[in-house]
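Beneath this line is the structure, given in structure tokens, with notes to follow.
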Amino acid sequence: MTVRVGFGFDTHRLVEGRAFWLGGVQVPHVTGALGHSDADVLLHAICDALLGAAGLGDIGHHFPDTDARWKDADSKVLLKQVMALLAGRGWRVGNVDSTLVLERPKIKPHIEAMRAVIAPLLGIDLGAVSIKATTNEQLGFVGREEGVCAYAVALIEKAAS
Ligand code: MG
């Protein structure tokens with residue numbers, strides 16, 4: 001078995017008048033993340049972790065924000081496409097761990113719903129999808145609620161050929 005690990009990071013600006021998509025779930029809040037797609041910072045970080053593990057570049061390479069196809073795109077579709085790229089090369093996911101960084105709203109009530117969306121997209125058990133959340137202790141742009149960040153690591157594996 002060949003195993004590889006990948007890392008992903010993403011950040012998006014928070015603005016009024018946008019739906020707040022996080023981990024494939026719409027979270028009720030006074031602001032939402034701004035971006036070309038639905039700006040789901042957690043799914044983007046997971047996409048980058050998966051692409052990085054497979055040595056396939058990054059999300060901006062595969063889904064450029066200059067491409068009208070990805071305007072307001074559902075990031076679950078992007079994740080599905082990333083999974084298809086990996087599957088085509090014989091990779092499957094072992095597990096994913098992630099951390100969201102934002103001041104508000106509280107993420108804990110939404111974590112189980114996010115895991116239930118993400119696990120089937122990755123083809124893994126709920127127990128192999130970890131989502132954690134922390135505030136930034138009111139420091140910096142996250143602390144001022146101007147933005148949201150996400151970090152993710154992914155382990156992928158394939159049978160040795
Ligand atoms: Mg992004």
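Read the numbers this way: they start at 1 and go in the same order the structure lists the ligands and their atoms.
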Give the C-alpha distance, both sets of side-chain angles, the deciding distance and a yes or no for salt bridge (Lys or Arg N to Asp or Glu O under 4.0 Å) between K132 and D97.
CA-CA 8 Å; K132 312 183 301 296; D97 183 24; 2.7 Å; yes

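At a threshold of 2.8 Å, the Mg ion (ligand 1) has no backbone or side-chain N, O or S atom of D40 nearer than that distance.
With the Mg ion (ligand 1) as the vertex, ND1 (H44) and OD2 (D10) define an angle of 90°, rounded to 10°.
In this structure, the salt bridge (Lys or Arg N to Asp or Glu O under 4.0 Å) partners of R144, at least two apart in sequence or on a different chain, are E146.
Note on ring orientation: taking the six-membered ring where Trp is involved, the planes of Y151 and F9 are tilted (angle from 30° to 60°).
The main-chain N or O of G23 is found under 3.5 Å from a side-chain atom of D40 such that the two form a donor-acceptor pair.
Among the heteroatoms counted here (N, O or S) of H12, NE2 is the one nearest to the Mg ion (ligand 1).
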